[in-house]
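Here is the structure we will look at.
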Protein chains: 2
Amino acid sequence: MVQDSIRILQAQGYKVTKPRRQVLEILEEAQESLAPYDIQRLLRRQGKHLNHVTIYRILELFCRLNLAHRVLSSGGFVRCSLGKREGCHRFVVCRQCGAIQEFADKGLCQEEDRFAESRGFHTESHLSESSGLCSDCYRKQVKQNFIG
Amino acid sequence: MVQDSIRILQAQGYKVTKPRRQVLEILEEAQESLAPYDIQRLLRRQGKHLNHVTIYRILELFCRLNLAHRVLSSGGFVRCSLGKREGCHRFVVCRQCGAIQEFADKGLCQEEDRFAESRGFHTESHLSESSGLCSDCYRKQVKQNFIG
DNA sequence: AGCTTAAATGCAACAGTGTTGCAATTAGGG
DNA sequence: CCCTAATTGCAACACTGTTGCATTTAAGCT
């Protein structure tokens with residue numbers, strides 16, 4: 001919820017400005033990840049004009065406060081739905097519709113750690129992005145194949 | 001080995017040109033991932049001049065043939081050391097020296113699949129990048145802390 | 001409500017990254 | 001050695017991301 005994020009901003013002594021509220025809202029609405037200029041375009045369609053520099057700075061702040069995550073495979077940003085859970089970002093991204101879900105799975109993280117450490121590597125954070133089809137798109141595709 | 005990659009190029013009917021050989025060699029030497037313009041800069045220092053457009057196209061081809069992988073967290077490319085193993089790219093990246101190792105772990109991939117599928121998501125490919133310290137940098141840091 | 005001021009935004013200008021179309025070059029087969 | 005399709009280089013461009021500085025604004029104060 002946007003309200004939660006606003007509370008976090010305030011609690012940390014950051015101002016709740018119109019641009020920040022707008023970026024929060026657009027990220028909240030989106031099902032997919034949004035790159036900085038995507039956000040600018042979407043807002044412009046709603047008659048809201050933000051300078052791209054502002055958007056970059058807001059996204060940087062949001063990531064620092066764990067209100068958003070950067071999804072590397074797309075270059076876009078998503079709202080962080082899991083609260084502060086530093087160092088473990090696990091996403092599944094639908095290659096069809098772009099839908100993104102964020103998950104936490106401590107077991108998988110621990111196994112990744114063990115895996116890396118067995119090779120002398122000291123893990124500090126994980127990034128895991130799986131690509132595939134969400135249940136909706138999968139169903140549609142199966143139907144398609146059946147018809148075709 | 002560069003020779004292996006050259007054989008693959010030939011086998012698929014692609015020409016073995018000077019630029020392609022040079023990019024293969026620079027990726028082979030590198031311990032870290034190299035972005036397109038990094039490659040151009042490094043080659044220039046060796047007196048070899050490649051147009052950046054050429055480098056982009058070569059990297060695109062190499063990724064298609066699984067001779068290289070794009071490392072998303074750095075935006076750079078590494079030589080693919082594992083042959084064709086579509087859909088599972090597991091890297092550990094040292095945040096200190098940039099060293100990259102690529103691994104395969106079928107067990108982890110299967111668990112990721114199970115994990116996603118338990119949420120109705122049909123996985124096709126994985127990307128996993130762990131960040132931390134390689135054994136060398138970890139040792140150095142421990143020493144540092146001991147002195148300091 | 002109207003001040004005040006540090007924080008945040010906007011602006012301008014720039015640097016880096018990535019793309020496209022087309023002309024010139026080159027690898028590799030005959 | 002020639003031929004030709006494949007590849008590279010070039011020019012021009014579009015997009016992305018950054019920096020310094022002037023302007024605006026949120027929020028605490030009276």
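Lettering follows sequence order; numbering is per chain, from 1.
Each of C:dA27, D:dG9, D:dA26 was ranked by its minimum atom distance to the side chain of A:Thr17; first place goes to D:dA26. Closest to the side chain of B:Arg41, out of C:dA7, C:dT17, D:dG9, is C:dT17. When distances run from any side-chain atom of A:Tyr37 to the nucleotides D:dT16, C:dG18, C:dT9, the shortest one goes to D:dT16.
What separates NZ of A:Lys18 from C1' of D:dA27 is a distance of 16 Å, to the nearest Å. Rounded to a whole Å, the OH atom of B:Tyr56 is 16 Å from the C1' atom of D:dT8. Computed from coordinates, the A:His52 NE2 to C:dG10 P distance equals 11 Å when rounded to whole Å. Remark: C1' of D:dT16 and CZ of A:Phe77 are 12 Å apart, rounded to the nearest angstrom. Regarding B:Leu9, its CG atom lies at a distance of 14 Å from the C1' atom of C:dG28, rounded to whole Å. Atoms CG (B:Leu34) and P (C:dG16) sit 18 Å apart, rounded to a whole Å. We find that CG of A:Asn51 is positioned 13 Å from P of C:dA13, with the value rounded to whole Å. One interatomic measurement links the two molecules: CD of B:Gln22 to P of D:dT7, which rounds to 16 Å at whole-angstrom precision.
Counting any heavy atom pair closer than 4.0 Å across all strands shown, A:Val16 reaches sugar-phosphate atoms only and no base atom.
Relative to the six-membered ring of A:Tyr14, A:Arg20 misses at least one condition, a distance below 6.0 Å or an angle of at most 45° to the axis. At least one cation-pi condition fails for B:Arg41 and B:Tyr37: the charged atom is not both under 6.0 angstrom from the six-membered ring centre and inside a 45 degree cone around its axis.
Both A:Pro19 and B:Gly75 lie close to DNA chain C; mapped to their nearest nucleotides by heavy-atom distance, the more 5′-ward contact belongs to A:Pro19. Mapping B:Lys15 and B:Val53 onto DNA chain C via the closest heavy atom, the residue that lands nearer the 5' end is B:Val53.
For A:Tyr138, the OH atom is loosely surrounded, since the number of other residues' heavy atoms within 6.0 Å does not exceed 12.
In the interface, the side chain of B:Tyr14 is not paired with the base of C:dG28 through any donor and acceptor atom under 3.5 Å apart. With hydrogens and angles left out, the side chain of A:Arg57 and the base of D:dG17 share no donor-acceptor pair within 3.5 Å. Side-chain atoms of B:His49 stay outside donor-acceptor range of the base of D:dT8, with no qualifying N/O pair under 3.5 Å.
A salt bridge links A:Glu60 with A:Arg64; the closest basic N to acidic carboxylate O contact falls under 4.0 Å.
Between B:Arg21 and C:dT26 there is no side-chain polar atom (N or O) within less than 4.0 angstrom of OP1 or OP2.
Classification of the B:His69-B:Phe91 ring pair by plane angle, with boundaries at 30° and 60°, yields perpendicular.
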